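See below for the structure under consideration.
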Amino acid sequence: MQPEILKTFARLAPFAALLAAPAPAAAAPSCSGPVCQDAAGWSDGGFGASYTFWTGLQTKKNFPTDASYGADYLKMGADLHATAKAFGVSKPIVDAYALMYNNNGVSSGGVHVAAVGVVLYSASITNAIPFGVSRTFFKADEDISLLGVHIDLDGKVGGELGVDVTPSITSSYMSLIAEPYARAYADADADVGAACASVAVKGSLTALDLHVPAVITATYPQDNSMSVLMSLDYSLHSLDGKLKVELEYCMDSDSKTLVNFDGFTAGGQLFAKWGNISW
Amino acid sequence: MKRRFSPLAALPLLATALLGGGALLQRACAPSAVSPAAAATAAEASIAPSARAEASERRVYAVTLAQHVTVGGETFVETHLEGRISFLPIPGTNLCEARLVDPSLEVSGGEAPRGADLRRPILLAYDAEGRLEGVRFDTRTDEASRLLLTSLVSATQYTRDKGLTWSADEVDGSGTYRADYERKGERTVERHKRGYVRMHEGLTPLVAEGELRIVVDGENGIESATAHEATRTSRKTALGDVAGELRVSLRLVDRAKATRAELSAARALAGAYEEPNMVPPKRDRSASRREMDERRAAGHDLDELRAAFAETDGQPRDEVGQRRATLIHTAGALFRVRPEEAFEAGKRLAASGVTDAEANFLAGGLAAAGTEEAADALADALTSPEASIEARRHSAVSLAMMPVADEHTVAALSKGAAGDDETLRNLSTMALGAAGRSLAASGDVGEGLDPVADLLARYASATDDVERDMFLAALGNSGDPRTFEVIRGALASPRLAPTAAYALRFIAMPAVDTLLHTLATTSPDPEVRQATYRAAFFRDTTVWLPWLESALAKEKDNQVLEAIRAVIVHMASP
C-alpha cells in the first residue's frame with residue numbers, strides 16, 4: 001500500500017479554505033536563498049506522522065523594516081518538529097533545535113530538546129553537545145467492544161531523538177554544526193479476553209526518520225554583506241512497514257496483514273554556498 | 001472452542017418454565033397488542049405495571065441466537081445458541097423474569113459463558129415510559145453470560161406506542177440508539193435501528209443498523225420476533241475494520257398461567273439481584289495488559305536484551321533505530337512482569353563503567369516500564385557514587401519522561417540539579433519540573449515535596465538570563481498555575497520570551513489561552529510567535545482550532561506559518 005502523501009493543507013479538508021498557500025510537497029523542501037524549510041505528513045487514520053523543519057541562515061534582509069533587528073543580525077541553525085500518531089492519537093514527539101544568533105553586537109545560542117512536550121534539555125550553546133536518547137515516547141490504547149467480544153490493543157511509539165551540536169563564536173564569525181534528528185517507530189500488542197483464543201500483532205512501522213544536518217559558518221554582516229560557508233542537508237524516511245495480526249483459536253489459526261506501508265527515502269543537499277552573500 | 005450444555009442439567013428449570021407463560025421482553029412481558037385501538041389499552045396497562053394485576057402468564061419461546069465478529073474481514077468469534085427462553089411478568093412491579101432453558105451453545109474464538117450462569121434467571125427492568133431500562137443479574141453471573149443475555153434481550157426489545165409510526169430512544173449494551181417503529185398490517189410491527197446517539201462511557205464508537213420484526217397472535221401476545229443487527233467500529237482500528245452481526249429469533253412454543261410459588265420465587269430475586277444495568281461490567285484492563293506484557297517478554301531476559309542492544313552500538317543510527325525501539329519496548333514489558341529484572345537493571349545502571357549505549361538501553365527500558373520500582377531504580381542510579389556520568393544523565397532523562405514521582409525521585413533529581421556536571425544539572429532541573437507535574441496529577445504535592453516551589457525560588461535568585469532561561473523551561477514542564485505570573489513576567493524580556501511562551505503550554509488556566517492568543521498576534525518576534533504555536537499543540541482544540549483561521553491569514557513569516565499549519569493538522573486529526 002502506497003502511503004498517502006499529504007501536503008500539509010491537503011489533510012485539512014474542513015480547513016482547506018483557511019490555508020493561504022499550498023504547503024511544499026513531501027520530500028521537496030523549498031529553499032529561499034540560504035533558508036530551507038519543509039512540512040509534510042502521512043496518515044491512514046490509525047497511524048501516521050508529520051514533520052516541519054527549518055534550516056539555514058537569516059539576516060537583516062529578512063526583517064528590513066523592524067528596527068529591533070540590527071544590521072549585523074544573524075540567525076543560523078536547524079529546527080525540527082515532529083508528531084506521530086498511533087491508534088488515532090496524534091502527539092508531538094520531538095521538538096529539537098540548535099540555533100545561534102547575533103544582533104547588535106551580542107551573540108548567543110541555544111539548544112533545546114523536548115519529547116512529547118517535556119523539555120529534556122534546554123541550554124545556551126557553549127560547547128559541543130552530542131545529545132541523544134532512545135525512549136518510548138508515548139503509548140495509546142484502544143479497547144474494542146463489539147457484541148460481547150473484547151479486544152484490547154496497546155500501541156507504542158518509541159525511537160530516538162536528539163541533536164548534535166558543535167558551536168563556535170569568535171569576534172569575526174559564528175560557526176555552527178547542528179544536526180537535530182527524530183526517529184519514531186510504532187508497534188502494537190493485542191489481547192482478546194478469551195480462554196481459548198488469542199490475537200497478536202507482529203511487525204513495526206517506521207513512523208518517521210528525519211535528520212537535518214546543517215554546517216554553517218558566517219562572518220558578521222557588514223554593509224549588507226557577509227562571507228559564508230554553508231551546507232544544508234536532510235534525510236527523510238517516510239511512514240513505512242507492516243503490521244500483521246495473528247489470530248489463534250483452539251483449533252485454528254489465521255493471520256492477516258492489516259497495515260502495510262511502502263515508504264520512501266528522500267534526502268540530499270538542500271543548499272550549499274561558499275563565498276559572499278550581499279543584499 | 002465449542003461448549004454444549006447437557007440438556008439433562010436443564011431439566012428442572014425446563015419444568016419450571018413450562019408451568020407458565022410470558023411475553024416478549026419489555027412490553028411483551030405485559031399483555032401485548034398491536035392494533036392501534038388495542039395498543040392504547042396495552043400501553044396504559046404496561047407503562048407502570050399494575051399492583052392490582054395478580055395473575056400472570058409465563059410464555060415460552062424457542063430461541064436461536066447467532067453472532068459473529070470479524071476482524072479485518074476474517075471471522076474471529078462465532079457464537080450460536082439454541083434453546084428456549086421463558087418470560088414471566090411479575091405483577092405489581094416493573095420487572096419481568098426471564099430465563100434460558102436447555103441452552104445449547106457453541107462458541108468459537110470467544111469467551112464461553114458458564115452453563116450455570118447462562119441458565120440462571122435474570123430480571124428485566126422497565127422505566128416509567130415502558131422502555132427496557134436494564135437487566136438485573138445475580139451477582140455471581142460471569143461476564144460472558146451477562147454479555148450474551150444482554151445482547152439477546154436488547155436485540156428484541158420493543159417499545160410500544162399507539163400510532164402507525166413512532167420513535168423511541170432505546171438502550172442496548174453499547175449505547176443509546178434511535179428506534180423507529182412502523183406497523184405493517186394488523187399483526188406485524190417493524191423496528192429500524194440506525195446508529196447510536198451516544199455510546200456508553202469508554203466504549204469504542206460503533207455504527208449499527210438493525211431490523212426487528214414482531215408478529216403478534218390473536219390475543220395480542222407476541223407470537224414471534226426476528227432481529228438482525230450489523231455493527232462495526234466507526235473508524236478503522238489498528239487491526240482493521242472490526243464488524244459484527246447478530247441474529248436472534250423467538251417463536252412462541254408454550255404458555256401457561258404462573259403459579260403463586262413461581263411468582264413468589266421471581267419476586268424474591270428482586271431483593272437479591274444487582275441494580276438494572278445495560279452497560280457491560282467494567283473490565284479489568286490490568287489483566288489484559290499483563291497478558292500482552294508476558295507475551296512480549298516471553299523468552300527474553302535482561303542479559304539477552306542488553307547484549308542485543310550493545311550490538312547496535314556504533315552502527316548507523318538509521319539502521320538500528322527500529323531495533324532499539326523494539327528492544328526498549330520489550331525491556332519495559334519485561335520489567336513490568338518481572339520487577340526483579342527492573343531491580344537488576346537499576347543495579348547495573350548504578351554500577352561503574354556503564355557506557356553511554358548501555359545506559360541508554362537500561363534507562364530507556366526502565367522508563368518504558370513506567371513502574372514505581374523502575375523509578376526507584378533510576379533514582380538510585382542517579383545518586384550512585386559509582387555510576388558513570390552517562391548513566392546519571394540517562395537516568396535524569398528517563399525520570400523526566402515518566403509519570404511517576406515521589407520523595408525518592410525528587411531527592412535524587414535535586415541532588416543531580418546541584419551536581420558538578422553542567423549537563424546533568426540541566427537535565428535534572430528539567431526533570432524536576434516534570435516531577436512537579438506528576439506529583440500534582442497524583443495529588444502528592446506537600447510540605448517538603450514541592451519541586452515547583454523550589455524551582456520558583458531558584459528562578460527568583462538566578463543571577464543571569466542563561467540561568468533564568470533554564471529555570472523557565474523547567475517550570476514549563478510543571479504546568480503548575482503558580483508559575484503563571486513568573487512566566488508572564490519573563491515575556492517582557494526579549495531574551496527569555498520564546499522560552500516563556502512555550503512554558504505556558506501545560507498550565508490549565510483560561511487566562512493562558514488569552515495570553516497565548518495575544519502573543520501570537522501581537523508579538524513582533526517570530527521566535528515568540530512560533531513558540532506560542534508550539535505551545536498550542538498542548539491546548540484545548542475547541543479553543544484553538546477555530547481561532548487558527550485568522551492567525552493563518554495574518555501571519556507573514558514562513559516558519560511561523562508552518563508552525564500554524566502543523567498545529568492545525570494535529571488538532572484536526574480525527
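Side chains included, hydrogens not; waters and symmetry mates left out as well; all remaining heavy atoms used. Keep in mind it's a predicted model, so treat the numbers as computed, not measured. To find a chain, count down the sequence lines: A is the first, B the second, and so on, and within it residues start at 1.
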Salt bridge or not between [X] and [Y]? Use side-chain N to carboxylate O under 4.0 Å.
{"X": "Arg289(B)", "Y": "Asp152(A)", "answer": "no"}
{"X": "Arg135(A)", "Y": "Glu160(A)", "answer": "no"}
{"X": "Asp464(B)", "Y": "Arg495(B)", "answer": "no"}

- Side-chain (Gln37(A)) to main-chain (Asn558(B)) donor-acceptor, under 3.5 angstrom: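 Confirmed, Gln37(A) side chain pairs with Asn558(B) backbone.
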- Under 3.5 Å, side chain of Asp95(A) to main-chain N/O of Ala115(A), donor-acceptor pair present?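 Side chain of Asp95(A) to backbone of Ala115(A): no pair is present.
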Select one option (side chain, backbone, both, neither) describing which atoms of [X] are under 4.5 Å from chain A's heavy atoms.
{"X": "Ala368(B)", "answer": "both"}
{"X": "Phe361(B)", "answer": "neither"}
{"X": "Ala144(B)", "answer": "neither"}
{"X": "Arg232(B)", "answer": "backbone"}
{"X": "Glu467(B)", "answer": "neither"}
{"X": "Phe471(B)", "answer": "neither"}
{"X": "Ala367(B)", "answer": "side chain"}
{"X": "Asp356(B)", "answer": "neither"}
{"X": "Asp525(B)", "answer": "both"}
{"X": "Val397(B)", "answer": "both"}
{"X": "Ser550(B)", "answer": "neither"}
{"X": "Pro494(B)", "answer": "neither"}
{"X": "Asn360(B)", "answer": "both"}
{"X": "Gln530(B)", "answer": "side chain"}

Compare all side-chain heavy atoms of [X] with those of [Y] and state whether any distance is below 4.5 angstrom.
{"X": "Met430(B)", "Y": "Leu120(A)", "answer": "no"}
{"X": "Asn477(B)", "Y": "Arg437(B)", "answer": "no"}
{"X": "Asp209(A)", "Y": "Thr265(A)", "answer": "no"}
{"X": "Val94(A)", "Y": "Tyr51(A)", "answer": "no"}
{"X": "Leu161(A)", "Y": "Arg183(A)", "answer": "no"}
{"X": "Val242(B)", "Y": "Thr70(B)", "answer": "no"}

Atom group of [X] that falls short of 4.5 Å from chain B, counting heavy atoms:
{"X": "Asn62(A)", "answer": "neither"}
{"X": "Val35(A)", "answer": "neither"}
{"X": "Phe138(A)", "answer": "neither"}
{"X": "Ala86(A)", "answer": "neither"}
{"X": "Thr52(A)", "answer": "side chain"}
{"X": "Phe53(A)", "answer": "neither"}
{"X": "His211(A)", "answer": "neither"}
{"X": "Lys139(A)", "answer": "side chain"}

- Count the heavy-atom pairs under 4.5 Å between each of Ala333(B), Ser398(B), Gly332(B) and chain A, then report the option with the highest count.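 Result: the option with the highest number of such pairs is Ser398(B).
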- Message: So which residue, His329(B), Glu527(B), Arg324(B), ends up with the most heavy-atom pairs under 4.5 Å with chain A?
- Response: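 Ranked by contacts with chain A, first place is His329(B).
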- Task: Classify the ring geometry between Tyr73(A) and Tyr101(A) as parallel (under 30°), tilted (30 to 60°) or perpendicular (over 60°).
- Result: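 Correct class here is tilted.
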- Message: Check the orientation of His112(A) and Tyr502(B). Use parallel for under 30°, tilted for 30 to 60°, and perpendicular for over 60°.
- Response: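 His112(A) and Tyr502(B): perpendicular rings.
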- Message: So, applying salt bridge (charged side-chain N to carboxylate O under 4.0 Å, His left out) with Arg296(B), which one of Asp191(A), Asp187(A), Asp154(A) is it?
- Response: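 Passing option: Asp187(A).
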- Task: Heavy-atom pairs under 4.5 Å with chain B are the metric here; pick the option from Val119(A), Thr126(A), Thr136(A), Asp189(A) that has the most.
- Result: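 If we count pairs closer than 4.5 Å to chain B, Val119(A) comes out on top.
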- Minimum-distance pair of heavy atoms, taken over all atoms of Val118(A) and Ala434(B):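 Closest pair (atom of Val118(A), atom of Ala434(B), distance): CG1-CB, 4.1 Å.
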